[in-house]
Participant: 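This is the structure I want to talk about, given as structure tokens.
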Amino acid sequence: MNNAHVSLLTELNQLFHEAIRSIADVDTTHLSLERPKQSNHGDYAHNGALQLAKVLKLAPREVAQKLIDALPSNALIERCDIAGPGFINIFVKQSAKQRVVHQVLHKGKEWGNTEFGHQRSLLIEFVSSNPTGPLHVGHGRGASYGDSVANILNKAGFKVSKEYYVNDAGRQMDILTVSTWLRYLALFGSTIAFPSNGYQGDYVTDMAELVKAQWAKQLYHADEFVLLNLNPPTQTEEDEAIERYMDALIARAKFLLKDHYHQLHQHVLSLQLADCKEDLKEFGVTFDEWFSEQSLYTSGAVKKVVDQLEAKGYLYQQDGAVWFKSTQFGDEKDRVVQRENGIYTYFASDIAYHANKFERGFDLLIDVWGADHHGYIPRVKAALTALGFNTERLIIPLVQFVSLYRGGEKVQMSTRKAQFVTLRELREEVGNDPARLFYVLRKSDQHLDFDLDLAKSHSNDNPVYYIQYAHARIHSVLQKWGQDIASLVDCDLSPLTLEHEFKLMQLLEDYPDTINAAARDYAPHTLAFYLKDLAAELHSYYNSQQFLVDDVTLCRARLSLILAVATVLNDGLQLLGVSAPLTM
RNA sequence: GUGCCCGUAGCUCAAUCGGAUAGAGCACCAGCCUUCUAAGCUGGGGGUUACAGGUUCGAUUCCUGUCGGGCACGCCA
């Protein structure tokens, strides 16, 4: 058979495009075939007649008849019906439906690879959490979503690079450094009260122990020197005073520790980064690049973009700070790029980061952000537009929050009190596979209610095991059969005529279209739902028919069908970062 | 207050960039293991798609308004 894959849908579309062009001189790109919901409406339906009726000034059903008459002769279509207001219902020949099994078995893991991306290059940036503490369950959703989208886009014909932006510059890192230092001092008997806006988690104390192991008492300074002329705020004091105190502590640490401060800063950073990398790696999420924010300062990239904006006349001074005229590009208000104290804002380095991404020459840039950052989008696009970049090439899908439920109750989380559930805890509680799938089972821009009990349950309620079980069942049958599965590739498929069998073939045929839809919408949940449907159809088939039957031709035909199903289940699960076990 | 997102079965969610009679799972009821894994299957009840208009052959989908929920409105990152 011809090994080059042309899908049934593509071929049928071509036939109809030819037919339409022969009766009307119109743009046919928006006219297409779809899967009808009801099987008595055919295998495919075309709505072209309804849309062309107005242009041609004819009744829709009349147009439909003309279209059918104009169809080129072919070996695919059994018959066409005109139905309802003017739909053309297409019934496909059995042989044309069956051929997909051969195609899947020939292509293997490459079945479903498409040309949607035309090999354009693309950079997807995701997670990018501050390296100031462990990843929590919200980051887990970004990780799972971003990685799945990257896999799907790769399968859809894009050249994909994955990147993590490390916010290793700025005040939050200083706060973490000081927090660690204070815990370290406490190990030597310091009684300084831990500030309420410091990082409270146990991991900070753990880092202090490591610091002590490396530096011994070299970083120690007595309380009276640390607090000289400083007044720790009381609990009732307002936020502003608490923040000022923290800034003073940071300044004091830099003064007392001198060169050691930077070393401590980098040490704390590397510990957190290593933890983060390990956590994500165990979760099946890896990156091609870990891009450092610090590097944008040391290379002068931040100053460079600010100078460029200045040269183009988009900056002005006010209240001692430097502002960017983002309102000229549709933002609600102008934004500060350089503070009164001379320090650049996070916004300034972010402009430099995005300029850098554009300059690396990618055709498409994707930023996966938490939905709470949506107000930040206009100013970033404004700055990039001002610098002359085409922001239509920057896509920013938003990922909504995650709420955990245990025993029907919402698990309370608070970042301030360090009472958040970490990604690692979640993975240990429910396992990687359920976590990966549950995260992408909802549209990304919808709030996710994550039911821990359901994710943990080893029952039919759990969609993870439901899909995996279908895969395992198939391999169990093939195991029992015991012969070489390679011999199933080109067997006679004509005995496959049952309703269940045609439904499975239809789903196999739909796999490339599912990949394209998921890629187009950056929507891995589309694939997750497809896999649930495919598993359901397999289970149903499994219960209704015996595969290892005496009729050898029938047996081999059925086995080749379920082998093709297993191939797609395995591939789809892999794209979502979920394993496909052979036995359960 | 302003901007963005959302509102679908009792619950959690789908619905192929406007398509035909809006679908699954859970929960509830009734069945199926002497047969390749019951982590499975079969059947049943359950809806004014928040509400009111508009656009057209056709609206859960697009537009306007109202009600209800979430998020964002820093010289934080």
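Letters A, B, ... mirror the listed sequences (proteins, then strands); counts begin at 1. What you are looking at is a predicted structure, and each value in this text was computed from that prediction instead of being measured. Just so you know, these numbers use all the heavy atoms, side chains as well, and skip hydrogens, waters and symmetry mates.
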Participant: Using a cut-off of 4.0 Å on non-hydrogen atoms, how would the nucleic acid contact of Asp350(A) be classed: base, sugar-phosphate, or nothing?
Facilitator: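 If one applies the 4.0 Å heavy-atom cut-off, Asp350(A) turns out to touch nothing in the nucleic acid.
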Participant: Using a heavy-atom cut-off of under 4.0 Å over every strand shown, decide if Lys532(A) touches base, sugar-phosphate, or nothing.
Facilitator: nothing
Participant: Would you indicate which nucleotide in C36(B), A77(B), C5(B) comes nearest to any side-chain atom of Tyr542(A)?
Facilitator: C36(B)
Participant: Indicate whether His373(A) forms a stack on A77(B); treat it as stacked only if centroid distance is below 5.5 angstrom and interplanar angle below 30 degrees.
Facilitator: yes
Participant: Could you give the distance separating U8(B) and G46(B) at their C1' atoms, to the nearest angstrom?
Facilitator: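 Comparing C1' positions in G46(B) and U8(B) gives a spacing of 14 Å.
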Participant: For His539(A), answer base if it contacts any base atom (sugar-phosphate contacts may also be present), sugar-phosphate if it contacts only those atoms, and nothing otherwise; contact means non-hydrogen atoms under 4.0 Å.
Facilitator: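 Sugar-phosphate only.
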Participant: Check every atom of C75(B), C57(B), A20(B) against the side chain of Asn89(A) and return the nucleotide holding the closest atom.
Facilitator: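 For Asn89(A), the side-chain atoms sit closest to A20(B).
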Participant: Name the closest nucleotide to the Phe529(A) side chain, picking from U21(B), A14(B), U16(B).
Facilitator: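 Closest nucleotide among those given: A14(B).
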Participant: Cut-off 3.5 Å, side chains only: do Tyr353(A) and Glu163(A) have a donor facing an acceptor?
Facilitator: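 Yes - a donor-acceptor pair under 3.5 Å links their side chains.
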Participant: If the C1' atom of G74(B) is compared with that of U48(B), how far apart are they to the nearest Å?
Facilitator: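 It comes out at 46 Å once rounded to the nearest Å.
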Participant: How about Glu34(A): does its CD atom have over 12 heavy atoms from other parts shown lying under 6.0 Å from it?
Facilitator: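 More than 12 heavy atoms, drawn from other residues, nucleotides or ligands, come within 6.0 Å of this atom.
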Participant: For Asp521(A) and Ala523(A), indicate whether the former's side chain and the latter's backbone hold a donor-acceptor pair under 3.5 Å.
Facilitator: no
Participant: Under 5.5 Å between ring centres and under 30° between planes: does that hold for Phe87(A) against the base of A20(B)?
Facilitator: yes
Participant: Please measure how far the C1' atom in C11(B) lies from the corresponding atom in G47(B), and state the result in whole Å.
Facilitator: 15 Å
Participant: Touch check for Ser540(A), heavy atoms < 4.0 angstrom, all strands: base, sugar-phosphate only, or nothing?
Facilitator: sugar-phosphate
Participant: Please say whether the positively charged group of Arg141(A), taken as NZ for Lys or CZ for Arg, lies over the ring of Tyr439(A), i.e. under 6.0 angstrom from the six-membered ring centre and within 45 degrees of the axis.
Facilitator: no
Participant: Need the pair for G25(B). Rule: Watson-Crick or G-U wobble, both distances under 3.5 Å, any strand; none if unpaired.
Facilitator: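 Checking every strand shown, G25(B) finds its partner in C11(B), with both distances under 3.5 Å.
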Participant: For a quick check of understanding: with a heavy-atom distance under 4.0 Å over all strands, which category does His525(A) fall into, base, sugar-phosphate or nothing?
Facilitator: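 Sugar-phosphate, no base atom in range.
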Participant: When you measure only distances, ignoring hydrogens and angles, does the side chain of Asp372(A) come within 3.5 Å of the base of A77(B) through a donor and an acceptor?
Facilitator: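 No.
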Participant: When the ring planes of Tyr376(A) and Tyr346(A) are compared, do they come out parallel, tilted or perpendicular, using 30° and 60° as the limits?
Facilitator: tilted
Participant: With a non-hydrogen cut-off below 4.0 angstrom, is Gln172(A) in contact with a base, only sugar-phosphate, or nothing?
Facilitator: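 If one applies the 4.0 Å heavy-atom cut-off, Gln172(A) turns out to touch the sugar-phosphate alone, with no base involved.
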Participant: Taking the side chain of Phe547(A) as heavy atoms from C-beta outward, which of C6(B), G70(B), C36(B) is closest to it?
Facilitator: C36(B)
Participant: Do the side chains of Asp81(A) and Arg79(A) get close enough for a salt bridge, i.e. N-O under 4.0 angstrom?
Facilitator: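 Arg79(A) and Asp81(A): salt-bridged.
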Participant: Should U2(B) form a Watson-Crick or G-U wobble pair with both distances under 3.5 Å, which nucleotide is its partner?
Facilitator: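 U2(B) is paired, partner A72(B).
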Participant: Over all strands shown, is Ala470(A) touching base, sugar-phosphate only, or nothing at heavy-atom distances under 4.0 angstrom?
Facilitator: nothing
Participant: May I ask you to say what Ser544(A) touches in the nucleic acid, namely base, sugar-phosphate or nothing, with a heavy-atom cut-off under 4.0 Å?
Facilitator: nothing
Participant: Across the strands shown, which category fits Ala321(A) at heavy-atom distances under 4.0 angstrom: base, sugar-phosphate, nothing?
Facilitator: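 Base contact - Ala321(A) has a heavy atom under 4.0 Å of at least one base atom.
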Participant: Take atom P in G58(B) and the same atom in G19(B), then report the distance between them in whole Å.
Facilitator: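 One P to the other, the span is 14 Å.
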Participant: What nucleic acid atoms does Phe347(A) come within less than 4.0 Å of, heavy atoms only: base, sugar-phosphate, or nothing?
Facilitator: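 Counting heavy atoms under 4.0 Å across all strands, no contact is made by Phe347(A).
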Participant: Would you mind telling me which of A38(B), G19(B), A14(B) lies closest to the side-chain atoms of Tyr469(A)?
Facilitator: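 When the side chain of Tyr469(A) is considered, A38(B) is the closest of A38(B), G19(B), A14(B).
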